[in-house]
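FYI, side chains are in, hydrogens and waters are out, and symmetry mates aren't considered; it's all heavy atoms of this structure.
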Amino acid sequence: MQSRKYPNLAPLPHDTVSFGCKKFVRPKDLMDLKNKEIIQVCLDALERNQPIGKGTEAVVYKIPDYPMQYCLRQEKSSIPNKNKLKLNFDLDEYDKANFVIAKLGEGLTLLKYVPGIPLKIITKSDTESGIKVKHALQELVANNFPVESFEKTIEMIEESRSKGIIFDRKGENLLVDPITQEITPIDYSRQFNDIEYNPISYIYHALDVDNTVHARKVLGKLCMAYAERLKTAGKEELNLDVLDRNFYHRGFIADPFNHFPDRDSLEEVRSKLFDELLEQKFTTTPEEFSWLVDCYKDFVEETLMGDKPVKSNIYWDID
């Protein structure tokens, strides 16, 4: 079986599955097939027509033979010619950020499968049962997902941005997996241009918890995650030249905090994070700054995470 190097994909077991016939053994990993066989599997997936996601420009289809490994993206404006498809593994940074494994031409792209669902509720397309599932997952994210899950998501968006790869912050472009407790950005657009850039607002907006009982906890975890990231992130990784230090998007998308239950608390945690803690990162020693981050996290815990938020008396000046 042939060997390939492909991006962002952990090694998978190379054992096989037999279907009762010794002459026919299918590899467990699609990429262990020959090129023409991979293309045929993709064409078969198109014929089976099992969409797992639809956007403005493309449809993503399930690959039934390898459902938890790969999926297939087809541009709506293109009708593939079966005789012209060819695997292309020459990928740029945008392709890699978007989990592309190979391009087939004719508007077809083979992608790594990313588990999870978007929590942004789309009333025109989500079913009643689907909305119930999203509500249950919002509760799970708020109460059970660790701060580290939010930190990892912020880091993915920030690291891509520092390379000029911009996350398209639409709510449906953030997938939540309740099993691994991971939140994954899945769409980095070549056309999208930020009006305001703030990863905390992006994620909060996508999780669609505003005007719910989960708003405080989700924002609290996001603020603590950003503060924790400040301990290790270099200045060049923080995208300070484009960072909007407000939580309010004025233009491209509606304000994600329109219905936040306590604007005073919202402004307090925002101000201490972006007007104080962020500045102190560059004026204190690493040891002092680590202590300040812990103080900020305690402040957020007291202000947002409890049932009855209280004012904090934490003293912030190093001197």
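With values rounded to the nearest 0.5 angstrom, I63 atom CD1 is found 5.0 Å from L110 atom CG. A distance of 5.0 Å separates CG in L292 from CD in Q280, rounded to the nearest 0.5 Å. In this structure, F299 CZ and L304 CG are separated by 7.5 Å, a value rounded to the nearest 0.5 Å. The NZ atom of K163 lies 9.0 Å from the NZ atom of K96; values are rounded to the nearest 0.5 Å. A distance of 8.0 Å separates CG of N98 from CG of L111, quoted to the nearest 0.5 Å. Within the model, atoms CG of N144 and CG of L140 stand 4.5 Å from one another, a figure rounded to the nearest 0.5 Å.
Side-chain polar atoms of D44 and Q40 form a donor-acceptor pair below 3.5 angstrom. For the residue pair N239 and E158, a side-chain donor N or O sits within less than 3.5 Å of a side-chain acceptor on the partner.
For the pair K235 and F282, the cation sits on the ring face: its NZ or CZ lies under 6.0 Å from the ring centre, inside 45° of the axis. Relative to the six-membered ring of Y296, K272 misses at least one condition, a distance below 6.0 Å or an angle of at most 45° to the axis. A cation-pi contact, defined as under 6.0 Å to the ring centre and within 45° of the axis, is absent between K221 and F150.
Remark: side-chain polar atoms of N198 are paired, donor with acceptor, to backbone N or O of N246 under 3.5 angstrom. Not a single donor-acceptor pair under 3.5 Å links the side chain of K134 to the backbone N or O of I122. A donor-acceptor pair under 3.5 Å is absent between the side-chain atoms of S271 and the main chain of E267, judged by distance alone. Counting only distance, with no hydrogens or angles, the side chain of K62 and the backbone of C71 share no donor-acceptor pair below 3.5 Å. No donor-acceptor pair closer than 3.5 Å links the side chain of N173 to the backbone N or O of R169. Side chain of S290 to backbone of P286: no donor-acceptor contact under 3.5 angstrom is found. Between the side chain of D262 and the backbone N or O of S265, at least one donor-acceptor pair lies under 3.5 Å. Looking at E37, its side chain does come within 3.5 Å of a backbone N or O of K34 through a donor-acceptor pair. Proximity of a side-chain donor or acceptor of R270 to a complementary backbone N or O of R245 within less than 3.5 Å is detected. Not one N or O on the side chain of E288 forms a donor-acceptor pair closer than 3.5 Å with the backbone of T283.
Proximity of the aromatic rings of Y226 and F274 is defined here by a centroid distance below 6.0 angstrom, and this criterion is met. Under the 6.0 Å cut-off for aromatic ring centres, Y66 and Y113 do not qualify, their centroids lying 6.0 Å or more apart. Within the 6.0 Å centre-distance limit, the rings of F247 and F257 are counted as a close aromatic pair.
Note on V300: it clusters hydrophobically with W291, by side-chain heavy-atom contacts below 4.5 Å among ILVMFWY residues. Hydrophobic clustering (ILVMFWY, side-chain heavy atoms < 4.5 Å, transitive): V133 and I131 are in distinct clusters. I121 is not connected to V213 by any chain of hydrophobic side-chain contacts under 4.5 Å among Ile, Leu, Val, Met, Phe, Trp and Tyr, and they are in different clusters. Under a hydrophobic-cluster definition in which Ile, Leu, Val, Met, Phe, Trp and Tyr are linked whenever side-chain heavy atoms come within less than 4.5 Å, directly or via other members, L207 and M305 are assigned to the same cluster. When the side chains of ILVMFWY residues are joined at heavy-atom separations under 4.5 Å, either directly or via intervening members, V60 and L85 end up in two distinct hydrophobic clusters.
For R190 and D92, the salt-bridge test passes: some basic side-chain N is under 4.0 Å from an acidic carboxylate O.
Contact between L72 and C42 at its shortest, heavy atoms only, is CD2-O, 3.4 Å. Shown here for Y188 and M156, the closest heavy-atom pair between the two residues is OH-O, 3.7 Å. Listed here is the closest heavy atom pair of G171 and P118: O-CB, 4.0 Å. Annotation for E172 and I186: closest pair O-CD1, 4.2 Å, computed over non-hydrogen atoms. Nearest heavy atoms, I203 versus I154: CD1-CG1, 3.6 Å. In terms of heavy atoms, I165 sits closest to E93 at CD1-CB, 3.5 Å.
When side chains are defined from C-beta on, R48 does not count as touching Y61, because their heavy atoms never get closer than 4.5 Å. Counting heavy atoms from C-beta on, the side chains of Y70 and V41 never come closer than 4.5 Å. Within the 4.5 Å cutoff, the side chain of D95 has heavy atoms near those of the K103 side chain. Using a 4.5 Å cut-off on side-chain heavy atoms (C-beta onward), I183 and L174 make contact. In this structure, the side chains of P115 and I179 stay at 4.5 Å or more apart for every pair of heavy atoms. Counting heavy atoms from C-beta outward, D210 and Y204 have side chains that approach closer than 4.5 Å. Side-chain contact check for K82 versus E106: every heavy-atom pair is 4.5 Å or farther apart. Contact check for P199 versus L243: side-chain heavy atoms found under the 4.5 Å cut-off.
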| task | Report the C-alpha separation of Q181 and E148 in whole Å, then their side-chain angles, then the decisive distance to 0.1 Å, and conclude whether the side chain to side chain contact (heavy atoms under 4.5 Å, CB included) test is met. | result | CA-CA 10 Å; Q181 296 190 330; E148 289 78 12; over 6 Å; no

| said: Go through it in stages, so that I can follow the logic: the residues are L175 and L119, the test is side chain to side chain contact (heavy atoms under 4.5 Å, CB included), and I'd like the CA-CA distance, side-chain angles, deciding distance and then a yes or no. | reply: CA-CA 7 Å; L175 299 187; L119 299 194; over 6 Å; no

| query | After noting the C-alpha distance and the side-chain angles of D294 and K231, does the key distance pass the salt bridge (Lys or Arg N to Asp or Glu O under 4.0 Å) rule? | reply | CA-CA 10 Å; D294 292 338; K231 287 183 179 180; 3.5 Å; yes

| Stepwise salt bridge (Lys or Arg N to Asp or Glu O under 4.0 Å) test for K152 and E182 | CA-CA 8 Å; K152 182 177 179 181; E182 291 190 350; 2.9 Å; yes

| task | Quick one: do R73 and L108 satisfy side chain to side chain contact (heavy atoms under 4.5 Å, CB included)? Show the steps, please. | result | CA-CA 6 Å; R73 181 183 186 274; L108 287 179; over 6 Å; no

| task | Kindly determine whether I38 and L30 satisfy side chain to side chain contact (heavy atoms under 4.5 Å, CB included), including the steps that lead there. | result | CA-CA 7 Å; I38 294 173; L30 173 64; 4.2 Å; yes

| task | Could you go through the salt bridge (Lys or Arg N to Asp or Glu O under 4.0 Å) check for D241 and R161 one step at a time? | result | CA-CA 11 Å; D241 56 331; R161 177 77 204 212; over 6 Å; no

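Under the 30°/60° scheme for interplanar angles, the aromatic rings of Y202 and Y197 are found to stand perpendicular.
Applying the 6.0 Å contact sphere to NZ of K86 captures no more than 12 heavy atoms from other residues, nucleotides or ligands.
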